[in-house]
Protein chains: 2
Amino acid sequence: MWLSIDPRSSVPIYQQIVDAVKERVAKGALASGARLPTIRELAVDLTINPNTIAKAYQELERAGVIEVIRGKGTFVCPPKPAVAAPPQMSALHELMTRLLVEAHHLGVTPEYVLATLQDMIDRWPAKKEEE
Amino acid sequence: MWLSIDPRSSVPIYQQIVDAVKERVAKGALASGARLPTIRELAVDLTINPNTIAKAYQELERAGVIEVIRGKGTFVCPPKPAVAAPPQMSALHELMTRLLVEAHHLGVTPEYVLATLQDMIDRWPAKKEEE
DNA sequence: CATTTGTACTATCACAACTAATACAAGTGA
DNA sequence: TCACTTGTATTAGTTGTGATAGTACAAATG
């Protein structure tokens with residue numbers, strides 16, 4: 001299947017699902033319009049409660065990542081138009097601060113972080129260069 | 001004072017303390033050798049239970065950020081030597097992935113993330129240029 | 001040796017995550 | 001229209017974590 005969950009992780013199951021779907025969409029592994037498994041299917045597949053899947057899907061819908069249609073299923077939303085600095089930029093800012101703070105305590109220089117991030121972007125699966 | 005805690009946050013209090021201290025150390029606001037408040041002082045100051053502070057300090061000690069000495073107090077550890085790629089690099093890798101994934105769903109381009117991070121590094125309080 | 005500082009332990013409360021079971025609502029498709 | 005599929009809602013119960021409270025202990029200071 002396309003999802004692996006660790007029930008023993010301290011990260012809630014529904015959050016793991018949210019993160020996994022977000023990452024797959026961002027990397028292009030789940031294209032716009034793709035259909036996700038139904039709540040009941042996924043529940044059987046991962047042997048977890050349907051309510052937990054439902055919670056994850058609701059979270060993803062609030063984030064604007066998927067669209068949920070009763071009787072049909074759930075689908076990946078079209079990508080947002082690129083924006084320079086959205087109001088939620090502070091969330092990204094916070095992530096970046098945490099990144100630099102963690103790096104500092106691991107003895108990693110900011111320059112190395114920057115270079116590694118650049119490299120990661122270059123290798124990003126959904127790169128548009130070849131389109 | 002030097003710490004503000006939000007008891008209503010979903011982030012555990014002890015975690016807020018850990019994050020705040022780590023950030024201050026990384027930014028140079030808490031220099032190596034600086035003495036932190038005693039557990040009991042902080043507990044009174046923040047009107048929270050001493051056990052909670054103790055938990056935060058233990059976590060910080062495990063992370064190698066502070067050194068705890070009975071009868072004396074707790075002190076900021078000397079900085080780690082700069083390293084290219086430590087074994088814990090995967091933790092940073094994960095943070096960077098999350099950063100790029102979140103950016104994608106906010107409609108922010110990787111290039112903008114990179115530029116903002118560069119800017120953030122330039123403005124980092126503990127910059128060594130003027131030494 | 002009194003004091004200061006951190007450590008350890010046990011009990012208790014509150015809350016969030018998860019499970020479970022059931023009933024309901026809305027759209028599909030013949 | 002009607003059986004079916006799909007998501008939604010509700011209620012109840014279990015479990016684990018965070019936090020409080022109180023007490024006792026250990027180690028270094030001066």
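Every chain is numbered from 1, with letters handed out A, B, ... down the list of sequences.
- Nucleic acid contact for A:Arg8: none, since no nucleic acid atom lies under 4.0 Å from a heavy atom of the residue.
- As judged by a 4.0 angstrom heavy-atom cut-off over every strand, A:Ser10 is placed among residues making no nucleic acid contact.
- Contact footprint of chain A on DNA chain D: nucleotides with an atom under 4.0 Å from a non-hydrogen protein atom, first to last in 5' to 3' order, D:dT5 to D:dT10.
- Residues satisfying the salt bridge (charged side-chain N to carboxylate O under 4.0 Å, His left out) criterion with B:Lys22, sequence neighbours excluded, are A:Glu102.
- Within residues 61-69 of chain B, the residues having any heavy atom closer than 4.0 Å to DNA chain C are, in order of number, B:Val68.
- Under the 4.5 Å side-chain heavy-atom criterion for grouping Ile, Leu, Val, Met, Phe, Trp and Tyr, B:Phe75 is not connected to B:Leu60 through any hydrophobic cluster.
- By the 4.5 Å side-chain criterion applied to Ile, Leu, Val, Met, Phe, Trp and Tyr, B:Val44 is assigned to no cluster and stands alone.
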All N/O donor-acceptor pairs, side-chain side in residues 29-39 of chain A, below 3.5 Å, sequence neighbours left out:
from, atom 1, to, atom 2, distance (Å)
A:Arg35, NE, A:Lys72, O, 3.4
A:Arg35, NH2, A:Lys72, O, 2.6
A:Thr38, OG1, A:Glu41, N, 3.0

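- The side chain to side chain contact (heavy atoms under 4.5 Å, CB included) test applied to A:Asn51 returns A:Asn49, not counting sequence neighbours.
- Mapping heavy-atom proximity under 4.0 Å, the span of DNA chain C touched by chain A runs 5' to 3' from C:dA17 to C:dT28.
- If you find the closest nucleotide of DNA chain C to B:Ile39 and to A:Arg40, the one lying nearer the 5' end belongs to B:Ile39.
- Summarising the hydrophobic clusters (Ile, Leu, Val, Met, Phe, Trp, Tyr; side-chain heavy atoms under 4.5 Å, direct or chained), the residues clustered with A:Val11 are none.
- Between B:Ile17 and B:Ile48 there is a side-chain heavy-atom pair separated by less than 4.5 Å.
- Rounding to the nearest 0.5 Å places CG of A:Leu100 at 11.0 Å from CG of A:Leu95.
- A:Arg62 meets the side chain to side chain donor-acceptor pair (under 3.5 Å) test with A:Glu59; sequence neighbours excluded.
- In this structure, CG in A:Leu99 is found 6.0 Å from CG in B:Leu117, a value given to the nearest 0.5 Å.
- Not a single donor-acceptor pair under 3.5 Å links the side chain of B:Lys27 to the backbone N or O of B:Trp124.
- Between its two ends, the helix from C:dC1-D:dG30 to C:dA30-D:dT1 turns its axis by 30°, counting five pairs per end and rounding to 10 degrees.
- Distance CD1/B:Ile69 to CD/B:Glu61: 9.0 Å, rounded to 0.5 Å.
- Distance alone, capped at 3.5 Å, places no donor-acceptor pair between the A:Gln118 side chain and the B:Leu114 backbone.
- Taking a 4.0 Å limit (strictly below) on heavy-atom distances, residues 47-59 of chain B reaches DNA chain D at B:Ile48, B:Asn49, B:Asn51, B:Thr52, B:Lys55.
- With sequence neighbours excluded, the residues satisfying side chain to side chain donor-acceptor pair (under 3.5 Å) with A:Gln15 are A:Asp19.
- Across all non-hydrogen atoms, the minimal contact from A:Leu3 to A:Arg24 is CD2-NH1, 4.2 Å.
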